[in-house]
Amino acid sequence: MTRLVLIDGSSYLYRAFHALPPLSNAAGEPTGALFGVVNMLRAHLKERPDYIAFVMDAPGKTFRDELYPDYKANRPPMPEELRAQIEPMLAVVDALGIPILRVPGVEADDVIGTLAVQAARAGIDVTISTGDKDFAQLVREADGDSGAIRLINTMTGSRLESEAAVVEKFGVRPTQIVDYLALMGDKIDNVPGVEKCGEKTAARWLAEYGSLDGVIAHADAVPGKLGQYLRDALPRLPLNRQLVTIRTDLDLGIEPQALVLRPRNVEALRALYTRYGFNQALKELDATAAAPAPSAAATTPTNPALAASGQYETVLTQAQLQDWIARLTAADAFAFDTETDALDPQRARLVGLSLSVQTGQACYIPLAHVGPDAPPQLPTNVVLSALRPLLQDPGKRKIGQNGKFDLHVLRRHGVEVRGYADDTLLESFVLEAGLTRHDMDSLARRHLGYQTLRFEDVAGKGARQIPFSQVAVDLACRYAAEDADITLRLHQVLSSQLATEPRLQAVYRDIEMPLVPVLARMEANGVQIDAAELKRQSHELGQRMLEARARADALAGRPINLDSPKQLAALLYEELALPVRVKTPGGAPSTNEDALEAIADLHELPRVILRYRSLAKLRSTYTDTLPAMINPATGRVHTSYNQAGAATGRLSSSDPNLQNIPVRSEEGRRIRAAFVAPPGRKLVSFDYSQIELRIMAHLSEDPALLRAFAQGADIHRATAAEVLGKPLDAVTADERRAAKAINFGLIYGMGAHGLARQLGIDRGQAQDYIALYFNRYPGVRDYMERTRQQARTQGYVETVFGRRLALPQIASRNASQRAGAERAAINAPMQGTAADIIKRAMVAVDAWLEAHRDRALMILQVHDELVFEADADFVPTLQAEVPALMAGVANLRVPLVVDCGVGDNWDQAH
DNA sequence: AAGGACTCATA
DNA sequence: GTATGAGTCCTTT
């Protein structure tokens, strides 16, 4: 049977510290706790478990602090001699190759509990190594396909390996341990229990009444002083039980199978053991380290996983290159990765290239490494010429991780990659949206149980980071070749998972992968902006900000930093004693737009702040920034679309974000007007009309809603008429506005509270509106309920095209988290289906444009809008073709309508 | 130097 | 009341 050992690091550290004499090494550094922990770890490793982890508390608050602010309030601060041993301890654990888990916001106990239960369910036998008796609540025997959970305390040698052992030791069964602890309380964690109730009393009561609920129910029947103490403690017992219950159902994003022991780092261990004077351990190390590691140089990475890595070859000669070309030529597919000197795909220069045909084997071809020790490298043009036929062959399948980046880099070096067939980022995104991150490091850990060498391990971080071109070639090879190797391995795992999910595979194969080259082209196209105009606007905004600032200082009676919410809150709510009507999510008095509007009739200052804010936002985010983002080589601005950014399937845009260019205010639209077409060209914008509401009609199949769209009605007006039972032309502007708010609110999963706030009416009235709406559109109500139900039973929701969004929070015991997940469940199918549709449209339009290259370029996507830059005389053709292409990619129960605008700039076109 | 909190721009 | 990214301040390391 496979076995997992989970080590409760915090518990051992404390216990070893207090149990052992205050040892220290020759330099006077304290070593007592360290010594105890190291011996404990060595004992565990001798048993050769299949999986192992060392679990520590991460700094910061956890849910128990939320439940009970006094939790652990009695704990004295950690003694300095103990604190000083934490870092060395972690260094030893790491050097031994044991994975270290510290999960922010989650106590070590709950990490251990969750992993233990998860592993036992997967048929793994679990040993929890701890000095904490609370874990007795988890003990269980193997049963059918499930593994056992056992406890061991290596300090005392005691073991709890069966339910009978727990009963023998505590007098209660494992399932009663939480009740037992709740009654007794915990001095150390400052959780008071029933006074005078110790082990004996707690066990006796539980034997008599079965459970804590039984004890509570019979509290009146307990005689004497103890009975009175019990009744006094009743109100806090349920909370106590929550506090002592170890969580076993968290979503940690860690699979027990990933917790593999890496090869130990002998050099690091020798250094640590020597420093701390652990002679016994040192002797053993030298005896067992048969093949000493190569001498440690300054460049040797600390990651011991390296020793497990595959055969990685640095390609420096023509002969080696030809050998790899032959291997690639013989293969159906290969993984590739580029290394560059920058993260911006529109500027990055190629530093090297890695390739892998077979897992465990990869090469790195350094091209532009510099420095005194850099070896002579093959010329870039020679290497790229040799590889070009392979990279440009549509029949030769290429595999990458976020390959869009590599496509850009290679294009800018004269290679147009074709046959880019698989991307592990997108495989993971389609398989597990909402569950995990999709970067290679996370994926390797999650699916391969492998800790990759990270970029910062080879290049450093922060101010000391060096460009990849200065990384020593040997080290660069290990890093880069590993990336290609891991990409290939991940593809094997992920593609076989996709093969079992035909709907997800279709999303991946038919929507996401075809979109990659399309997005690459859009990003490369870029957009022209009028920098001089934006600079003029910056200047003007600056003038007006000065005026606002002067007025604010006058009103405050002193200089005030209008950019600091904290200072503003102090001024408004303390000095000026204005009422606090809105709070931030963190509970502090808010100075956001709503808050300032709410007090705007009491003082002039809030209005001045709002005015200043809107000016400052426009200047710092747009008019100052955009001109600086112009690529000198192209004279245009190139955004970057993140295809795996939004869990619903939407794209996101960054560097710069061109999906949030202002449009609502007049001043904002002047910024949009600075997105221009070159002479002789036009900007043409196409957007889907009411796409999410149409999708709601399709999904809900509500007859009234379907009819309204079929008739091409003004949907908000039609909603108002339907709900209020009056003719279309009798609907007032206010009524239409209310209907619009309901329509939008529904898409976001809103309740009465939100609608009331939006419309400035009271809750009851909002509730009436909603009831009326559902009365007229019962299909919508049923659909909403079905969706919530699906989310609860399956843990995910789906788009029309089968894209999945996982909602792990849907089962949360935290009501507000659960409600949030329910709203997301309502919204995701609509937002996600709209995303699927426009992605398909982009692929379709791009394919059509192929024949008209340069007559029109697709340059922007803003969720329901596509923007093109086209020759003026080509605009009619575009207008004749694109709407049909966009509307034709989905077959819904309602028509898709596409609106169009044309102009010399984006404001005119929109 | 890095990360969290806050605010605000878009669909 | 959904989904994002970015600038600024301010605390922590």
Side-chain angles (χ1 to χ4, degrees), chain A residues 59-60 104 433-434 456 460-465 561-569 582-596 609-610 612-626 629 639-642 645-665 667-669 671-672 687-688 690-693 696 741-759 766 770 797 805 807 816 819-832 834-835 838 860-865 910:
Chain A
E456 65 185 53
K461 60 175 178 173
R464 279 188 291 279
Q465 187 167 86
N561 182 354
L562 288 174
D563 288 321
S564 167
K566 205 177 160 182
Q567 291 183 34
L568 288 178
V582 183
K583 298 206 167 171
T584 69
S590 172
T591 67
N592 73 12
E593 189 172 341
D594 279 357
L596 296 177
I609 297 169
L610 284 170
Y612 173 84
R613 283 246 181 95
S614 76
L615 300 169
K617 175 77 176 179
L618 294 179
R619 196 170 80 141
S620 71
T621 309
Y622 304 106
T623 61
D624 276 358
T625 316
L626 286 170
M629 303 291 281
T639 185
S640 175
Y641 289 105
N642 185 350
T648 51
R650 272 193 182 174
L651 301 177
S652 73
S653 155
S654 62
D655 311 296
N657 181 355
L658 296 186
Q659 291 182 323
N660 71 345
I661 301 303
V663 70
R664 289 172 191 166
S665 75
E667 289 149 323
R669 276 199 302 278
I671 293 166
R672 201 166 268 242
D687 70 282
Y688 286 107
Q690 307 293 356
I691 188 166
E692 292 186 4
L693 273 179
M696 185 167 87
I742 296 190
N743 280 333
F744 274 98
L746 287 167
I747 292 172
Y748 299 149
M750 169 190 74
H753 185 71
L755 182 64
R757 237 169 56 98
Q758 177 72 29
L759 290 177
I770 293 174
V797 291
L805 170 61
L807 295 157
S816 91
E822 288 187 358
R823 292 191 296 270
I826 299 286
N827 176 253
M830 294 183 264
Q831 190 182 121
I838 198 166
L860 296 171
Q861 189 255 42
V862 193
H863 308 311
D864 65 359
E865 174 185 13
H910 184 73

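Labels below follow one simple rule: chain letters A, B, ... track the order of the sequence lines, proteins then strands, and each chain is numbered from 1. Both backbone and side-chain heavy atoms feed into the values below; hydrogens, waters and symmetry mates do not.
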May I ask you to say what Ala828(A) touches in the nucleic acid, namely base, sugar-phosphate or nothing, with a heavy-atom cut-off under 4.0 Å?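 Nothing, no nucleic acid heavy atom in range.
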
Using a heavy-atom cut-off of 4.0 Å across all strands, would you classify Leu651(A) as base, sugar-phosphate, or nothing? nothing

Check: dT2(C) base within 3.5 Å donor-acceptor of Gln831(A) side chain: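 Flag set: donor-acceptor pair detected.
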
Taking atom [atom2] of [N] as reference, at what distance in whole Å does atom [atom1] of [X] sit?
X: Tyr622(A); N: dG7(C); atom1: OH; atom2: P; result: 10 Å
X: Met629(A); N: dG7(C); atom1: CE; atom2: C1'; result: 13 Å
X: Ile671(A); N: dA6(C); atom1: CD1; atom2: P; result: 16 Å
X: Asn657(A); N: dA3(C); atom1: CG; atom2: P; result: 17 Å
X: Leu658(A); N: dT4(C); atom1: CG; atom2: C1'; result: 14 Å
X: Ile661(A); N: dG5(C); atom1: CD1; atom2: C1'; result: 11 Å

Of all nucleotides in DNA chain B that come within under 4.0 Å of a heavy atom of chain A, which is furthest toward the 5' end and which toward the 3' end?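 Answer, 5' to 3': dA1(B) to dA11(B).
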
Under the side chain to side chain contact (heavy atoms under 4.5 Å, CB included) test, residues paired with [X] that sit two or more places apart:
X: Asn660(A); value: Tyr622(A), Asn657(A)
X: Pro565(A); value: Thr591(A)
X: Tyr641(A); value: Leu519(A), Met522(A), Glu523(A), Thr639(A), Leu651(A), Ser653(A), Gln659(A), Leu860(A), Gln861(A)
X: Thr584(A); value: Ala588(A), Ser590(A)

What residues from residues 743-759 of chain A pass a heavy-atom cutoff of under 4.0 Å to DNA chain B?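 DNA chain B contact set from residues 743-759 of chain A: none.
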
Could you work out, with salt bridge (Lys or Arg N to Asp or Glu O under 4.0 Å) as the rule, every residue matching [X], not counting sequence neighbours?
X: Asp594(A); result: Arg757(A)
X: Glu822(A); result: Arg792(A)
X: Asp655(A); result: none
X: Glu667(A); result: Arg544(A), Arg611(A)

Base-contact (B) and sugar-phosphate-only (S) positions in nucleotides 8-13 of chain C, heavy-atom cut-off under 4.0 Å, - elsewhere: SSSS--

When you measure from the side-chain N and O atoms of Arg650(A) to the phosphate of dT4(C), is any distance below 4.0 Å, counting only OP1 and OP2? no

Verify the contact: side-chain N or O of Ser652(A) to OP1 or OP2 of dG5(C), cut-off strictly under 4.0 Å; return yes or no. yes

Pair His910(A), Glu865(A): side-chain N/O donor-acceptor within cut-off below 3.5 Å: yes

Residues which pass side chain to side chain donor-acceptor pair (under 3.5 Å) with Asp624(A), listed by chain and number, not counting sequence neighbours: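 Checked Asp624(A) against side chain to side chain donor-acceptor pair (under 3.5 Å); matches are Ser538(A).
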
Hey, is Lys617(A) close enough to Glu593(A) for a salt bridge, meaning N to O under 4.0 Å? no

